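Letters go in sequence order (proteins before strands), and every chain restarts at 1. Not measured: the values here are computed from a predicted model.
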Protein chains: 2
Amino acid sequence: MKNLTKRQSEIFNFIKEEIESNGYPPTRSEISRTFGFKSPNAAEDHLKALKKKGVLDLAAGTSRGITLNNESSGIPVIGLVSAGGPILAEENIEKTLPKNPGILSHGVDFYLKVKGDSMIDVGIFENDLIAINKNLPVKTGNIVVARINNEVTVKTLLKLSNKLVILKPENSSYEDLEINPTKESLVFEGTCVGLLRDFS
Amino acid sequence: MKNLTKRQSEIFNFIKEEIESNGYPPTRSEISRTFGFKSPNAAEDHLKALKKKGVLDLAAGTSRGITLNNESSGIPVIGLVSAGGPILAEENIEKTLPKNPGILSHGVDFYLKVKGDSMIDVGIFENDLIAINKNLPVKTGNIVVARINNEVTVKTLLKLSNKLVILKPENSSYEDLEINPTKESLVFEGTCVGLLRDFS
DNA sequence: TTCATAACTGTAATTATATACAGTATTTAG
DNA sequence: CTAAATACTGTATATAATTACAGTTATGAA
């Protein structure tokens, strides 16, 4: 989506809220009434601008024929991460799951399908989906998704300093990873905010 | 209020699908066109009947003013189960979580907050929420919610016969429960279809 | 300076839509 | 058996809604 102006965002959000609360989009008149426009054409102009910017679609000759585009592209499930590219690269996306607002206390940017048994002591098993937020501040004690020398791994972050990062597998048969971030490439891809397991 | 006729269900589902795919409800004419009615009043009559039955609301004088009455008031989270009453009794409901269709392969009737460590070997930890479907056939090998002599427990069902039911805790320091259902009261409250853990 | 975009006012026409009224035929519950 | 509910046809109309055209004012970029 292109950059919406402040006013356009207001209009867009109003439409979104109306759909949320009523179950159907507003008319030009309703938009105008809400924003104090004296002409329904003001709303028409805004809708055209929003359509031009691609955030919604308008069905010609159709009352309330507003379809939001932005809304529901789902949350990607990342399976095996191929080396090199970004974790959310399309080739890594196994499928998408619907958004589930309100179930977890933090937002979820993607799910990562767990490989291996390095976290079984905290109840994270192979093929579980862990919910990742990629914008939370990386904090010791949290379970993080780290990329070390282009390999993605899930561990508990034990220590975080300029010269030493310690990542702890939650499985007594594995040893802690000690990384010197000045010598090895280390990127934090996100923090684990939840776990999802499907018994099918 | 829920006994819709076959035709009414068809109409209702069509409206639901239209909202899903277009983002706004259909008009009387669109409904009539879809079902081959020769008068928009046929649709009007149906809408009135559906309103009367409480499954939707109509905004007078409003185009596409159909609001579906989401029966999705949320999925209850069951904390401690008090002895005696049914598991879904109000006093057991700790809170409710929004429905999350499409995330788990089976429907979820309620979440049960896990107490104790009897299932840690399969990665079910204290305070995890396990998603329970109470209508799936009870099958050996599945993790089930059972009520034995009025006490609710979560275990793997190992054996199920008239004279002997074996419930296995997934923790090597616990022993299997062997129940004779002719002598002890045993009710299966549901089957575990998923697990939810929130790292907050 | 000039042109495009944004953000409106004001008017008006066409058409999309809701919805009442008057019927008919069939099915269902008391 | 009868009244009510279901499931429509057919007609009609007020009004809800889209949307074009013609302007105004302000702003920022070329």
Exercise for the section: Determine whether B:T182 and B:N162 make a side-chain contact, defined as any pair of heavy atoms from C-beta on separated by less than 4.5 Å. Expected result: no
Practice task
Not counting sequence neighbours, list each pair that qualifies as a salt bridge (charged side-chain N to carboxylate O under 4.0 Å, His left out) and has a residue in residues 173-185 of chain B.
Solution key: none
Handout entry: Qualifying salt bridge (charged side-chain N to carboxylate O under 4.0 Å, His left out) pairs, either residue in residues 191-200 of chain B, two or more places apart
Key = B:D128-B:R197
Handout entry: Check: A:K168 and A:K155 side chains under 4.5 Å, non-hydrogen atoms
Key = no
Practice task
Produce a footprint string for nucleotides 17-27 of chain D: one letter per nucleotide, 5' end first; B if the base is under 4.0 Å from any protein heavy atom, S if only the sugar-phosphate is, - if neither.
Solution key: SSBSBB-----
Exercise for the section: Please check if B:V193 and B:V144 belong to a single hydrophobic cluster, counting links between Ile, Leu, Val, Met, Phe, Trp and Tyr side chain heavy atoms closer than 4.5 Å. Expected result: no
Exercise for the section: Can you sort out the partners of B:F35 under ring pair (Phe, Tyr, Trp, His ring centres under 6.0 Å), two or more places apart, ordered by chain and number? Expected result: B:F14, B:F37
Practice task
Give a yes/no answer on whether the side chain of A:Q8 brings an N or O atom under 4.0 Å of OP1 or OP2 in C:dA7.
Solution key: yes
Exercise for the section: Round to a whole Å and report the spacing from CD1 of B:I31 to P of D:dT9. Expected result: 14 Å
Practice task
Please state whether the phosphate of C:dA6, meaning OP1 or OP2, lies under 4.0 angstrom from any side-chain nitrogen or oxygen of A:K53.
Solution key: yes
Exercise for the section: Would you check if B:V122 and A:F199 make a side-chain contact, meaning some heavy-atom pair closer than 4.5 Å? Expected result: no
Handout entry: B:T5 vs D:dA5: side-chain N/O to OP1/OP2 distance below 4.0 Å
Key = no
Problem - NZ/B:K95: more than 12 non-hydrogen atoms of other groups inside 6.0 Å - result: no
Exercise for the section: Establish, with yes or no, whether the OP1 or OP2 oxygen of D:dT6 is under 4.0 angstrom from a side-chain nitrogen or oxygen of B:H46. Expected result: no
Handout entry: Rounded to 10 degrees, the angle between the two terminal axes of the helix from C:dT1-D:dA30 to C:dG30-D:dC1, each from five pairs
Key = 40°
Problem - Whole-Å distance separating the CZ atom of B:F35 from the P atom of D:dT6 - result: 16 Å
Set out, line by line, the N/O atom pairs under 3.5 Å between protein and nucleotides 28-30 of chain C.
none

Handout entry: Flag side-chain contact, heavy atom, 4.5 Å: B:I148 against B:V165
Key = no
Exercise for the section: Report the distance from atom SG of B:C192 to atom OH of B:Y111, rounding to the nearest 0.5 Å. Expected result: 11.0 Å
Handout entry: Sub-4.5 Å side-chain heavy-atom contact between A:I19 and B:Y24
Key = no
Handout entry: Between C1' of D:dA7 and CZ of B:F37, the distance in whole Å
Key = 8 Å
